[in-house]
Amino acid sequence: MTFTPDASPVLGIVRLPHAGGLPLPAYETEGAAGMDLRAAVPEDRPLVIVPGRRALVPTGLVFEIPPGFEVQVRPRSGLALKHGVTCLNTPGTIDSDYRGEVKVLLVNLGDEDFEVARGMRIAQAVFAAVAQASIEERSLAGETGRGSGGFGSTGTA
Ligand SMILES: O=c1ccn([C@H]2C[C@H](O)[C@@H](COP(=O)(O)OP(=O)(O)OP(=O)(O)O)O2)c(=O)[nH]1
Ligand SMILES: [Mg+2]
């Protein structure tokens, strides 16, 4: 049986109480691949990530992803360029059967403290089709021109 993913998929989003007042994720431009995710930290308690350390930042969101899709949590290039702040486990994977709060694992690779304020756009969520394969154990893998060459085997120039 083959599974065909929905052609007009809907991403369900639940806003938890601590995301109250924060806008739903949205595509910022017509052709945007990702929707920015905002930090749902308390207004009066911003989170400070010191250089070299990481922090799990709440978004206050629960996703209901349809079967056949995933959400990838990816860094924002502006934060990486300006502050050295990125997602440690990039791209983060949100499974379609996950019903917990989506969180963003930020790491500060810069040389100054980074303050995460409530509502700050800290990462982006990319909704993508994903397939699950059936696994077949084989005694030998089929031959190809590349064979086992990798890790620079085709040269550098
Ligand atoms: O950046 C991330 C990555 C993951 N998750 C949540 C959703 C995902 O479905 C779940 C598990 O993620 P993953 O499979 O990457 O982590 P794991 O270490 O393999 O945990 P598990 O054993 O729960 O699968 O954690 C996030 O909220 N943010
Ligand atoms: Mg896992």
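Hydrogens, waters and symmetry mates play no part in the numbers below; they use all other heavy atoms, side chains included. Both counts, for ligands and for their atoms, begin at 1 and track the order of listing.
In terms of modelled atom types and a separation under 3.5 Å, the side chain of E115 and the main chain of V48 share no donor-acceptor contact.
Legend: residues meeting salt bridge (charged side-chain N to carboxylate O under 4.0 Å, His left out) with R121, ordered by chain and number and at least two apart, are D36. Residues satisfying the ring-ring contact (aromatic ring centres under 6.0 Å, His included) criterion with F63, sequence neighbours excluded, are absent altogether.
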Verdict with reasoning, R38 to L61, per side-chain contact (heavy atoms from CB on, under 4.5 Å): CA-CA 9 Å; R38 294 174 184 270; L61 305 174; over 6 Å; no
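Judged as a side-chain hydrogen bond (donor to acceptor under 3.5 Å, both in side chains), the pairs with a partner in residues 51-76 (not counting sequence neighbours) are, in order, E70-Q72, Q72-R74.
Considering all non-hydrogen atoms of both residues, S96 and P66 come closest at CB-O, 3.8 Å.
Every protein residue with a heavy atom nearer than 4.0 Å to ligand 1 is included here: N89, G92, T93, I94, D95, Y98, E101, V102, K103.
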